[in-house]
Amino acid sequence: MSGISTRRLLALCRKESYQIVRDPSNILIAFVLPVLLLFLYGFAINLDANLVKIGVLRLDDGPAAVSFEQQLQGTPAFEIHHGASLRALQDAMARGEIRGLVVIRNDFSTRWLHGKDAAIQVLTDGSEPNTANFVSSYVQAAWQNWQQARAPLADGTPTPGVELRPRAWYNPATISRDYLVPGSIAVVMTVIGALLTSLVVAREWERGTMEALLATPVTEAELLLSKILPYYLLGMVAMALCTVVAVLLMGVPFRGSFLVLAGSSTLFLGAALGFGLFLSTVLRNQFDAAQAALTAGFLPAMMLSGFVFEINSMPWPLRWLTRLFPARYFTSSLQTLFMAGTVPAILVPNALFLALLMAFWITLTARKTTRTLD
Amino acid sequence: MNEGGPRARDASSKSSLVLPPVLTGQSPASTSDAAIEVRDLVKRFPGAPAAALDQVNTVMRTGTITGLVGPDGAGKTTFLRTLAGLLKPTQGEVRVLGLDPQAQSGELRELIGYMPQKFGLYEDLSVLENLTLYADLRDVVGAEREATFKQLLAFTDLAAFTDRYAGKLSGGMKQKLGLACSLLGHPKILLLDEPGVGVDPISRRELWKMVRALSRDGLTVVWSTAYLDEAELCDDVRLMAEGRIRASGTPQELMATMAGRCFQITQLADSPRSLLHRVLNAPEVIDGAIQGSTVRLVLREVNVFPDLALLGAGPEAAFKAVPPRLEDAFISLLGGGPGGDSALAEVTQAREPDPALDPAAIIRARHLCKQFGSFKATDDVSFEVARGEIFGLLGPNGAGKSTTFKMECGLLKPTSGQALVMGLDLQHSPSEARQQLGYMAQKFSLYSSLSVRQNLLFFSEIYGLQGETQRFKVQQMIETFDLTPYLETLAGQLPLGFKQRLALACCVMHEPQVLFLDEPTSGVDPVTRREFWNHIHGLANKGVTIIVTTHFMDEAEYCDRIGLVYRGKLIALGRPDDLKRRCATEERPDPTMEDAFIELILEAEP
C-alpha cells in the first residue's frame, strides 16, 4: 500500500457518488430492497400463532364438560370448530382446516364429579410442530385454569398455593416480531452491503475502466478507500431507514443508544462491504460477484446468525461456523439494542469480533488489489 | 493506397492542429533516441498453453508513430499493457523512457498516456466529469487545468458536448474523449490500443490527424490495430503474429520486399470470381483477391507469372503491375494464402432454383424501419438480393447494420416495413422456412463450455438432422474444416481461426439456401479471412444466397453488391466498383472503398 493523495481520493469518491446517484439499481438496492425485505420478514415470518382453528368434540352434556368447552372458547388464541363426529373432525384436520382436536369423552362430567381421573384427549397436527406445540400448551393452560377454578367446588380443597406465572423479560408480550425485526435488519444489511460493493470493482473490470485507472498515478489505497467510503455512507443511510421503519412503522421498541447503534453498524458495514469488495476484486465479473455475494452473504445471515434459529441449539461445528459471519454479532447487537438496551457485556465483545472481521476482509481485499492486471 | 490515406487527405480544416507544448511535453525531443526498448520479452499467463509474448525484441524511437499490427490474439494488447506497467513480464527487459515499468512505475505513470480498448471512459459520467476525474488523478489543477481543458475540447471538437454523458456519445466522439483523457498531464508516450476499431471512417481519419500532429510535436505513439491499411500510415511498423514480432520496419521498407510481385489481371473475359479460384490454385501465386472487375495477385517469386491462357483469363487479359500493400507483406510472411479451393463448396450439392421464387429477390427488404425510443436504428432501408449473390452490409459500429440484419432474418420485429426471405416473413413463418437458412451470429456464438464435437452435434440436432444423416453431416464437417485434432477441445479454448471455422460449420450443416453472416471475419488474421471468403464464394457458386455484414471496408471487394449503412440509413447501394467510380477524381483515379464511403457520407449529409 502506498500513500494517499487527498485530491485523487476525493476525485474517485466524487466519481463513485455520481455513479451511485445515476444508477437506479443502486437506489433500488439501498432503499427499496431493505424496506421490502423488512416488511417481508416483519410480517410474513411470524412465530406467533394468532388465531388457531381447533376442533372440539364434546360427547358429554354434563355441566363440567360444557364449562370446559366454554373455557376453551374463551381462550383468545383459539377459534373453535364443533364437529359432529370424531371422523368428521379428523378429516377436517387431515385437510388442514383445523390444527388440533380436543375430545371430551362421554363420561367426563361423571368422572370429574366423582373426583376420578377425568381426562381430555388432545390431538395435534405434528406436520407443523410449531403450531402443534402451541396448541397443546394452550389447551394445557386452559385445562389448568379450568381445574383451578373448579377445584374448590369439586372436593372442597383450596386452590394450590403455587401458581406459575411466566414472564418474558425484554419482550413481555413475547411478540416475535420484536426480536425478528432487529435480526432481519442484520440480514437485510448483509445483503445490501455485500451486493452493493460486489458489483463496483467488477464493473470497472468489465467496462475496461480499471485498466485506464491503473495507468494513472492512482494508488491501491486510494482505489480501495474510494470503493468503501461512498458505499459506507449509502449503507448507513439504508441502516437509518431500516431503523426508522422498524420503530415507527412496525412498532418495534428501541431501548438502546443510537450512538452505539451507529458504531455497531459502522463496524458491521465495514465487514460486509469488505466482503463484497473482496468478491468483486477476486472475481472481476459482476454476475459472478453478485451471485457469490447473495449466496455467501444472505444464506449464512439467514441460517447462522441466530436470527431464526437459535445458535445455542445448533451442533457445535455449526456453532463455531457462526463465528465467521458478521451477521451473527450484528444480530445479537441489534436484538440487544432494540429489546434490552445498551448492555456492554454483550455489545463490546460483538463489536470486537465485528472489528476483527472488518479488518480481515479489508486487509484481504487490499492484498488482492494490485497495480497490475496479472 | 497510400495516396488515399488520411495523412494525404487534409480536406477538413475545422481543427487547428498546432498544439501548444502543454499537451505534448515541454520540449520536442530529437527523433533519433529510443523511447521504448524491449529485450527478450516473454509473457506467459498461467494456464495458457502458449506464451502471449514470445521473445519480443524491439526499439521504438522518440517522436514516431509505431504501428503494432496483427490479428486478435497476436499479443498486441499484452505488449501495450506491459509497456504501461499493467502486466509483469515473465522474462526479459522493458525500458520505457529509460524506466522499468514495474520497479519505477510511479515515475513512469506520470509520463504515459494510455487509452485501452473501449477507451476507458465512465459512461455514466459526462464529458467534463470524465476529464475532471482524469485531471485530478494526474494532478492537473488550477489555471493549468483550465487551459488544458480548453485546448483539448477545441482539439477534439467536444466543447459543445461537455454535459453529455460519455455513454451517449457516438463511437468517434468517445474515441476522441478517450484520447483527450489520456493526454492529460503531459505524457511523453501515448499508448493506443485499437483506437480505430468499429469507428466510422471519418472519425478514424480525424483521430489519425490529431495523433500525427501530436507526434510532430515530439510525442511518441504506439498504435495497435488489426487494420493493415491503417498501419501503412505509421512511421514504423511491427507485424505481430502468435506473440512474436514477425517483421519490423517502415511500411515502405516492408512493402518494398514485395516489389515486382504484385499484379492485376485486367480485361477479363469471365467473372473475376471464377478466375480468382484458378489463380489462387496456380503454383506461381501465393495470394489473390478480387478488385472490382479485375483480379489482384501476389507472385511467389519476382516476375514468375502463371500462364494466362492456362488460367482461361480470356484473350484480352493482361498483367498490370500494381503497388504492393502491407497486407501482401504480411500474408507473404505468414506463408501465403490458403489457395483457392473450398472443401466446403465441394461437398455442397448445387440445388435447382425453386421456380416459384423470383430469382432476383431471394432476400427482400422493403422500407425497413426500426425505432428504439426516439432513436432510429434503421431508417427506411430497402434492397433485394438475388439467388447466388453475395450482398454486403458495410458500415461502422452502431450504424444500424446489425439491426437491419436481425430484422431481415426474423430476430427483430420491424417498426414498419417488411423483411422477406424466399417470399416469407420470418417473423410469422413456420420453422420449416427457417430450416432453409443458416445464421452465424457476431462473436460466433458457440457454446464455449461444450467441445467441438458437442457443438456440432447440438447444432445439427436443432436443425433437425437425425440418425445416419446427422452422423454423415457431422463427420463431413469435421473433415471439411480439418477439425479432427480439436474434436474434444472446448470451443471456448479454440484458436480464433478455428472458432470461426466451427461457427461456419455449425450454420451450414443443414445445407441452407440462404446464409446470414454477422461480422464473420472480425478479428481473425488475413490468411484465415481469405480461407473464409473462399468458402463463401464456393457456396455462392452453388446457388446459396448470402448476406454478410462487416466493418472492414476492404472486404467489400469480396461482395457482388454492397449497401453502405450510416446512421441508420442506406446511403448507397451497388457494385463495389460502381461506388468507387462515383468518387474517382483526377488526383485519385483509383479510390479505396474507404475513400468512397467517406465521399458518400459527405454527399449524404446536408
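All values below come from the heavy atoms of this structure, side chains included, with hydrogens, waters and symmetry mates left out. In what follows, chains are A, B, ... by sequence order, proteins preceding strands, each numbered from 1.
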Q | Minimum heavy-atom distance between B:Leu125 and A:Tyr18, given as atom pair plus value | A | CD1-CB, 3.8 Å
Q.
Which atoms of B:Asp139 are under 4.5 Å from chain A, going by heavy atoms: the side chain, the backbone, both sets, or neither?
A. both
Q) Is chain A contacted by the side chain of B:Tyr165, its backbone, both, or neither, given a heavy-atom distance below 4.5 Å? A) side chain
Q: Let me know if B:Leu121 has heavy atoms under 4.5 Å from chain A in its side chain, its backbone, both or neither.
A: backbone
Q.
Tell me whether A:Phe287 at atom CZ has more than 12 heavy atoms from other residues, nucleotides or ligands lying less than 6.0 Å away.
A. no
Q | Top of A:Arg8, A:Arg7, A:Glu204 for chain B proximity - count of heavy-atom pairs under 4.5 angstrom | A | A:Arg7
Q: First locate atom OH of B:Tyr122, then atom CD of A:Glu16, and finally report the distance between them rounded to the nearest 0.5 Å.
A: 7.5 Å
Q) In Å, rounded to the nearest 0.5 Å, how long is the span from CD of A:Gln19 to CD of B:Glu129? A) 10.0 Å
Q. If you look at every heavy atom in B:Asp124 and A:Arg22, which pair is closest and at what distance?
A. O-NH1, 2.8 Å
**Q.** Atom pair OG1 (A:Thr216) and CD (B:Glu110), whose distance is rounded to the nearest 0.5 Å
**A.** 9.5 Å
Q) Picking from A:Thr372, A:Thr370, A:Val218, which has the most non-hydrogen pairs under 4.5 angstrom with chain B? A) A:Thr372
(Q) So which residue, B:Gly120, B:Ser105, B:Ala135, B:Gly106, ends up with the most heavy-atom pairs under 4.5 Å with chain A? (A) B:Gly120
Q.
Looking at chain B, which one of A:Leu10, A:Leu12, A:Asp23 has the largest number of heavy-atom pairs inside 4.5 Å, strictly under?
A. A:Leu12
**Q.** Side chains of B:Thr132 and A:Arg14 in contact at under 4.5 Å (non-hydrogen atoms)
**A.** yes
Q: For each of B:Asp193, B:Val141, B:Leu184, B:Leu191, tally heavy-atom pairs with chain A at distances under 4.5 Å, and name the one with the top tally.
A: B:Val141
(Q) With a 4.5 angstrom heavy-atom cut-off, is it the side chain or the backbone of B:Thr78 that approaches chain A, or both, or neither? (A) neither
Q: Determine whether more than 12 heavy atoms belonging to other residues, nucleotides or ligands lie under 6.0 Å from atom CZ of A:Arg323.
A: yes
Q. Relative to chain A, which of B:Gln102, B:Arg138, B:Met115, B:Lys118 shows the most heavy atom pairs under 4.5 Å?
A. B:Arg138
Q) Given the options B:Ile112, B:Leu86, B:Asp136, which has more heavy-atom pairs under 4.5 Å with chain A than any of the others? A) B:Leu86
Q) Could you give the distance from CG (A:Leu213) to OH (B:Tyr134), rounded to the nearest 0.5 Å? A) 5.0 Å
(Q) How about CG on A:Leu248, more than 12 heavy atoms from neighbouring residues, nucleotides or ligands closer than 6.0 Å, or not? (A) yes
Q.
Shorter than 4.5 Å, heavy atoms on both sides: which option in A:Gly208, A:Ser5, A:Pro217, A:Ala11 has the most such pairs with chain B?
A. A:Pro217
Q) Quick one: are B:Gln117 and A:Glu211 in side-chain contact, heavy atoms under 4.5 Å? A) no
Q.
Within a 6.0 Å radius of atom CZ on B:Arg95, are there more than 12 heavy atoms belonging to other residues, nucleotides or ligands?
A. yes
